[in-house]
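A quick write-up on the structure given underneath.
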2 protein chains.
Amino acid sequence: MEYDLILKNVGRFITLDQVEKEFFLSLFEVKRFNKKEFLLRAGDIARFDYFTNKGCLKIYKIDEKGTEHISMFAIEDWWSGDMASFILQKPSHYYIQALEASEVLQISRSNYDLLFEKIPKFERFYRILYQRSLVSFIERSDQNNSLHAEERYRSFIQKYPSLIHRVSQKNMAAYLGVTPEFLSVLRKKMLAK
Amino acid sequence: MEYDLILKNVGRFITLDQVEKEFFLSLFEVKRFNKKEFLLRAGDIARFDYFTNKGCLKIYKIDEKGTEHISMFAIEDWWSGDMASFILQKPSHYYIQALEASEVLQISRSNYDLLFEKIPKFERFYRILYQRSLVSFIERSDQNNSLHAEERYRSFIQKYPSLIHRVSQKNMAAYLGVTPEFLSVLRKKMLAK
DNA sequence: ATGATTTCTTAATATACCTTATTCTTTTCT
DNA sequence: AGAAAAGAATAAGGTATATTAAGAAATCAT
């Protein structure tokens with residue numbers, strides 16, 4: 001039952017027989033993290049790629065001024081990790097931290113390679129997955145450049161309504177790229193309408 | 001000779017035999033565009049994905065206020081296109097325009113599908129290509145959130161020194177996400193140092 | 001080459017967002 | 001349950017960048 005979600009996720013793009021399913025799942029480990037626990041810290045080499053089964057992670061970076069910038073939240077059914085560090089096995093610039101008690105499926109770099117070797121169909125799966133991620137990242141990055149903070153906030157709320165109640169305003173601000181103080185002002189202004 | 005560059009590009013991630021090379025190339029058409037000519041306009045459905053052989057393209061969007069936002073420049077050896085529109089065959093939100101007289105190799109959606117069907121190895125090629133694009137998009141988008149315009153400009157210059165001389169300041173500003181007037185001020189300030 | 005168009009510069013004014021500081025509220029820890 | 005820590009609200013003053021407008025320089029089209 002820990003595996004239903006990931007099988008369904010994979011099933012969106014490729015079809016697997018029973019043997020393939022079992023092999024695929026054998027490459028993952030189930031891991032649980034408490035709230036605030038780190039899956040990865042800047043400076044470490046990313047040893048795993050993650051699929052969130054339950055809970056919520058934040059993937060973020062701390063800039064020279066010490067400010068936190070959240071790249072994404074990974075809730076149920078989302079893939080995450082620091083791809084650059086995972087692929088090149090070089091120190092990461094990112095932190096990954098559980099915002100809630102979370103359960104993830106993690107795959108190591110060597111198992112990831114093995115997966116492609118044994119079931120080449122997974123090249124297709126990840127090709128499509130990355131293609132889609134790319135599309136939404138480009139879209140988001142264009143939005144960041146053309147919308148003001150208030151519009152970005154509205155757009156986020158509309159796209160991920162459930163997340164508003166799971167994520168603190170502080171984290172929401174770090175995702176939107178504004179200070180918590182300014183987000184607070186925006187919310188007040190929006191309520192007034 | 002039109003095909004040397006693309007074969008070398010593909011050769012970074014997968015190895016092809018002669019028959020595969022020829023089939024692969026047969027799926028592309030060579031196209032030439034004059035300066036200012038459009039390869040794609042917002043509202044059209046993206047019929048092709050592009051590899052730039054020579055010249056320079058800009059991929060951009062026009063927001064509600066009428067402001068242009070450049071997602072990327074595609075010079076020699078770069079892939080481009082509007083993936084969302086190309087994959088889903090829905091109207092695009094982007095324009096692609098030649099900034100110089102340019103030569104591209106274009107592949108249609110049906111040939112793209114055929115490529116995966118006939119040479120599954122290309123799933124791997126594109127998996128790796130998209131993975132890398134994703135890494136650099138995320139990196140760029142994080143930079144946009146943590147750096148001021150002057151730092152972004154310096155960083156761009158350092159990363160793509162050749163482009164400064166090929167791209168007008170107006171276009172550079174639209175890429176950096178600032179007005180041309182402000183970029184002009186920045187350049188003056190930077191020269192003063 | 002000459003005029004027409006586009007790009008670049010400069011400067012004054014305006015605005016979105018930041019910084020810092022204070023208080024209030026909520027959550028966490030023992 | 002109470003103390004401590006973290007999050008959220010509010011407000012004053014500051015900075016990065018936008019807007020508007022005008023002139024200078026470069027490029028384009030005949």
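Per chain, numbering begins at 1; letters A, B, ... match sequence-line order. The basis for the numbers below is simple: all heavy atoms, side chains too, and nothing from hydrogens, waters or symmetry mates. Treat the numbers as computed from the prediction; the structure is a model and nothing was measured.
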DNA chain D-proximal residues of residues 163-174 of chain A, any heavy atom under 4.0 Å: A:Ser168, A:Gln169, A:Lys170
Qualifying residues under side chain to side chain donor-acceptor pair (under 3.5 Å), relative to [X], sequence neighbours excluded:
| X | answer |
| --- | --- |
| A:Glu181 | none |
| A:Thr67 | none |
| B:Ser110 | B:Ser108 |

Nearest whole Å is fine: how far is [N] [atom2] from [X] [atom1]?
| X | N | atom1 | atom2 | answer |
| --- | --- | --- | --- | --- |
| B:Glu68 | C:dT6 | CD | P | 14 Å |
| A:Asn34 | C:dT28 | CG | P | 13 Å |
| A:Leu176 | D:dA8 | CG | P | 13 Å |
| B:Arg187 | C:dT10 | CZ | C1' | 14 Å |

Beyond-backbone contact of B:Asp142 with A:Tyr94, side-chain heavy atoms, under 4.5 angstrom: yes
Nucleotides 12-22 of chain C: protein proximity per nucleotide (B base, S sugar-phosphate only, - neither; heavy atom, under 4.0 Å): ----SBSBBB-
is_close_aromatic(A:Phe122, A:Phe116), centroid dist under 6.0 Å: no
Sequence-distant partners of A:Asn9, side-chain contact (heavy atoms from CB on, under 4.5 Å), two or more places apart: A:Arg12, A:Phe51, A:Asp77, A:Trp79, A:Phe125
Counterpart residues, side-chain contact (heavy atoms from CB on, under 4.5 Å), relative to A:Ser168 (two or more places apart): A:Lys170, A:Asn171
Neighbour count >12 (heavy atoms, 6.0 Å) for atom CD, B:Glu64: yes
Qualifying salt bridge (charged side-chain N to carboxylate O under 4.0 Å, His left out) pairs with a residue from residues 34-51 of chain A, counting only residues at least two apart or across chains: none
Contact list for residues 113-128 of chain A, test salt bridge (charged side-chain N to carboxylate O under 4.0 Å, His left out), sequence neighbours left out: A:Glu20-A:Lys121, A:Arg109-A:Asp113, A:Glu123-B:Arg124, A:Glu123-B:Arg127, A:Arg124-B:Glu123, A:Arg127-B:Glu123
Atom of A:Gly81, atom of A:Ile96 and distance for their closest heavy-atom approach: CA-CD1, 3.8 Å
Test ring-ring contact (aromatic ring centres under 6.0 Å, His included) applied to B:Phe73 - qualifying residues, sequence neighbours left out: B:Tyr175
Between the protein and nucleotides 24-30 of chain D, list the N/O to N/O atom pairs that are separated by less than 3.5 angstrom.
residue	atom	partner	partner atom	Å
D:dC28	OP1	B:Lys35	NZ	3.4

Salt bridge (charged side-chain N to carboxylate O under 4.0 Å, His left out) evaluation trace for B:Arg32 with B:Glu2: CA-CA 12 Å; B:Arg32 294 188 178 75; B:Glu2 273 117 344; 3.1 Å; yes
Degree of bending in the helix from C:dA1-D:dT30 to C:dT30-D:dA1 once both end axes are built from five pairs, to 10°: 70°
